[in-house]
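No hydrogens, no waters, no symmetry mates; every other heavy atom, side chains included, goes into these values. Source: prediction; values computed, not measured. Chain letters run A, B, ... following the sequence lines, proteins first and then strands; every chain starts at 1.
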Number of protein chains: 2
Amino acid sequence: MKRNVTIKDIAKKLGIAPSTVSRALKGHPEINSNTIKRVKAKAKEMNYHPNLIARNFQRQKTNVIGVIVPEIRHQFFSGAISGIEEVAYQHGFSILVSQSNQNYEREQKNIDVMVSNQVAGLLISISETTMNKAPFERLVDRNVPFVFFDRAIENMDVGKVVADDFGGAYEAVEHLIKARYKKIFYIGGPRHLLITKERLRGYNAAMKDYNLPVSSDWIMFGGLDEEDGVKWFRKLMTRGILPEAIFAINDPVAIGLHMKIKQAGLRIPQDIALIGFSNNMITALVDPPLTTIEQSPSIIGAKAAKMLINQIENNQSHFDHTEVIETRLIIRQSS
Amino acid sequence: MKRNVTIKDIAKKLGIAPSTVSRALKGHPEINSNTIKRVKAKAKEMNYHPNLIARNFQRQKTNVIGVIVPEIRHQFFSGAISGIEEVAYQHGFSILVSQSNQNYEREQKNIDVMVSNQVAGLLISISETTMNKAPFERLVDRNVPFVFFDRAIENMDVGKVVADDFGGAYEAVEHLIKARYKKIFYIGGPRHLLITKERLRGYNAAMKDYNLPVSSDWIMFGGLDEEDGVKWFRKLMTRGILPEAIFAINDPVAIGLHMKIKQAGLRIPQDIALIGFSNNMITALVDPPLTTIEQSPSIIGAKAAKMLINQIENNQSHFDHTEVIETRLIIRQSS
DNA sequence: AATTAGATTGCAAACGTTTACGAAACTAAT
DNA sequence: ATTAGTTTCGTAAACGTTTGCAATCTAATT
C-alpha cells in the first residue's frame, strides 16, 4: 500500500525542516521567497496533497457543515441542500448530508455522528416527529453552532431561517376571500408542527380581518402527504360538509384533494377552490393548475448557510435571530 | 471556550491509563468487565463524546463517502443521493455531497477537497463537460476507491453502475415501431456523452432489427434541457421535415418538444408520437401524459454505494465491474 | 516456595500538521 | 571587528486516539 507523501517527505528531500515546508506551502511572509518557490515546486513534483484530516485534527476544527433534513429527495429539501452547497462552496466549506426519514432517533444519531466528526456547524430541519427540545439545548451547551431552517424547534433562542408561513397563509386566504369564497376550510398538518400553527394563524387572521365566521369543523389536522389529502376528502364526503374553498397545508395534500375532487365529479374552482403551499413543480401541471405559495427552497437554504457561516466565523456559537423569507402567492386556475 | 472531554480526562479521574479507557470503551475482551463498567459509567457521567477526527487521523481513514453530482436539485440526482445515503447509513458511513454545476474545474476541485479529507471512497457522476480521463486515472494511482454512477468516463476499467440505456432505448423504439410509426427521429444530447451514444445505439439496433430505414437527418445532437427541446422543434419546423415519432434523449427535452408540438396545433400522438427518458414526475402530469423510461435513481444510487463499500471493505481500491440497472418502459398516451 | 500461565493494565510511539519560541545566519552600522 | 537588528529557519510540543509490547498481578501448578 503506497503511503501518501507528507510534508516530512518534502522536508527530507529538500534538507529542511517540516515546519519550514508547512509555512512555505502557505506563503508565510517570513520565509524566503526563494525557498517558497523551491518547496512549492518540490511539492508539485512529488504530487503532494495536504492531509486535511491531520490539519483539522491539529486545529480541532473542520471546514465541514452538517446538514440534517427529513428526506433528501423531496423537492424542497433537495433545493435547500443545493442552495446550502452553493454558499458553503463559496466559503470553502463542504457539506455532510443526512436524512432522518422522519425518524427522531435516526435524526439524533446523525447529529451525534456529525458532532463527533467535529463539524464546524449544523443546519437542521427537524423531522415531523421531533418535539424534544433537550438534545438541541445540549448542542448549545457544547458550543456547537447550528441554525434551523424551514422546520425549527419552537421557543429556542437560536438562529432560524423560515418561510413567512403566517404571511403566505394570510395572503392565500385573503385571495380566496376576495374571490368571494366564504366557507373556507383549513387542512393542516401535524398539530404540533410550527408550520401547521403558523399557517393556521394566517388563516385565522385573514378570516377575522374580513369578518368571516369560522367554524371549528373547518379546521383539521393530519399528515403531510398526498394520501392525507385523499383521506381528508373522503372524510369530508362522509361527514357531508363540503367547503367552498380549501387552503391546504402543502402541495402534496392539495394534490391529493385535487385528484379526489375531480374524481367526485366536482369542478375546481367552481365547486371547490383549492390552494396549496410550496409551489412544487407538479402544481403547475395538474388540470386545472393549482394556486400555491412559493417559498424558494434554495434561498432558504442559502440564507441559513450564510447565517451559520457568519456565526462560525465570528465564534458566536449562537445568537437569537430569525430570518423570515418572504413568500409569493402564485395565482392559477384552481382559485 | 469549554474544551471537550477526552479519553485522558476520564483516565485521570479514574486513575488509570488512557489506553485502558480506549479499550474499555469499545468493550475490548481483555479488559476486566468491571473496569469496563466503571469507564463507561464515567464516560457517560462526564458527557464524553469520541473525537472522530482524532480517531480517523490515527487510522488514516474516515467513514465518509464523497458524492459528486452535476446538480443536487435535479430529481434524478436527489433520488440517487437519497439511495446512497440510505445504504451509507446502514454501513456506518456518512456522505459528503458536492455539485459541479456542470463545471469541470469545480468538479475536479471538489474531488480534490474530498480526497484531501481522506474520504474512504467516492461516488461520481461526471459533469456534462468532463471528458478528461487523466484525473480519474490519477485517483486510481493514488488508491482512492471510487465508482461511477449514471454518468461515467468511457473506457475506464473501474466500477460503474449505469442504467441500461441501450436496452431502454431499444424497448422504446421497438414500442414505437410496433405502434406502426416508421419515420422515427432520435434527438440526442451532447455528442460525447455516453448516454447519448448508448441510447442512439439502442435506437439504431431497433430500427435495424425491424428493417426500417434511417436517414442521418433523423438523428440530432444537442443539449439536455427543456429549452433544447424547444429549439429542436423550431429547427424541425424551419427545416420542414416532420417526424412521425420522436424518441428524445430525456424527459426535459421531450417536455420542451411536447409544449411546442401542442402550440403548433399538432396532436400527440396522432401527428407526432413522443417518448422521453427518466420518468420525471412531470411526465405523468402533462396532457397527454408522456411515455417514458423509468430508471430508478435511488436504486442506482444504492447499488453504487454498495459496490463502493464492498471495495472499501475488501481493500480492493478498484475492480472493473459494470452493473447495469434494468429500465422499464412506461407507456402512456403520447405514443 | 518457586515457577508459570493467564489475565489485566500501563508505557510509549505513532498518525501529519501547525505554531510558539528560540537559534542561526546574514546585513549593515559602528 | 564588534554589535545590533533583521531575516530566515529549526526544535519541539501539541492535538486525541489507537496499539504493540512490556509490566504487573493473580492464581494455579510443581
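Classified by interplanar angle (parallel below 30°, tilted 30° to 60°, perpendicular above 60°), the ring pair B/Phe146/B/Phe148 is perpendicular.
At a threshold of 4.5 Å between non-hydrogen side-chain atoms, the residues B/Glu71 and A/Ser82 do not count as touching. No side-chain heavy atom of A/Asn117 sits under 4.5 Å from any side-chain heavy atom of B/Ile53.
Remark: B/Lys160 NZ is packed, more than 12 non-hydrogen atoms of other residues, nucleotides or ligands lying under 6.0 Å away. By the 6.0 Å contact criterion, NZ on B/Lys37 is open, its count of non-hydrogen atoms from other residues, nucleotides or ligands being 12 or less. Under a cut-off of 6.0 angstrom, the local environment of NZ in A/Lys12 is sparse, with at most 12 non-hydrogen atoms contributed by other residues, nucleotides or ligands.
In terms of phosphate contacts, A/Tyr48 brings no side-chain nitrogen or oxygen within less than 4.0 Å of OP1 or OP2 of C/dG16. OP1 or OP2 of D/dG16 has not a single side-chain nitrogen or oxygen of B/Arg55 nearer than 4.0 Å.
The side-chain hydrogen bond (donor to acceptor under 3.5 Å, both in side chains) search around A/Asn155 returns none, not counting sequence neighbours. Evaluation of the side-chain hydrogen bond (donor to acceptor under 3.5 Å, both in side chains) rule for B/Asn103 yields no partner, not counting sequence neighbours.
Protein atom CG of A/Leu52 is 13 Å distant from nucleotide atom C1' of C/dT18, rounded to whole Å. Rounded to an integer number of Å, the gap from A/Asn51 CG to C/dG16 C1' is 6 Å. Atom pair A/Gln58:CD and C/dC15:C1' shows a separation of 13 Å (rounding to whole Å applied). When rounded to the nearest whole Å, the span between CD of B/Gln60 and P of D/dT19 equals 13 Å. If you measure from atom CD of B/Gln118 to atom C1' of C/dG16, you get 9 Å, rounded to the nearest angstrom. If you take CD1 of B/Ile53 and C1' of C/dG16, they are 11 Å apart, rounded to a whole angstrom. In this structure, B/Arg3 atom CZ and D/dA14 atom C1' are separated by 12 Å, rounded to whole Å. A/Arg59 has its CZ atom 11 Å from the C1' atom of C/dT17, to the nearest Å.
Judged by centroid separation below 5.5 Å and plane tilt below 30°, A/Phe57 stacks onto the base of D/dC15.
Look at A/Asp9 and A/Arg3 and you find a salt bridge, because one of the NZ, NE, NH1 or NH2 atoms lies within 4.0 Å of a carboxylate O, short of that distance. Salt bridge annotation for A/Glu86-B/Arg106: present, with a cationic side-chain nitrogen under 4.0 angstrom from a carboxylate oxygen.
Within residues 6-13 of chain B, the residues approached by DNA chain D to less than 4.0 Å at the level of any non-hydrogen atom are B/Thr6, B/Ile7, B/Lys8, in residue-number order. Within residues 17-44 of chain A, the residues having any heavy atom closer than 4.0 Å to DNA chain D are, in order of number, A/Ala17, A/Ser19, A/Thr20, A/Arg23, A/Glu30, A/Ile31, A/Asn32, A/Thr35.
With the end axes of the helix from C/dA1-D/dT30 to C/dT30-D/dA1 each set by five pairs, the angle from one to the other reads 70° at 10° resolution.
Contacts classified as side-chain hydrogen bond (donor to acceptor under 3.5 Å, both in side chains) and involving residues 57-68 of chain B (residues at least two apart or in different chains) are given here: A/Asn51-B/Gln60, B/Asn56-B/Arg59.
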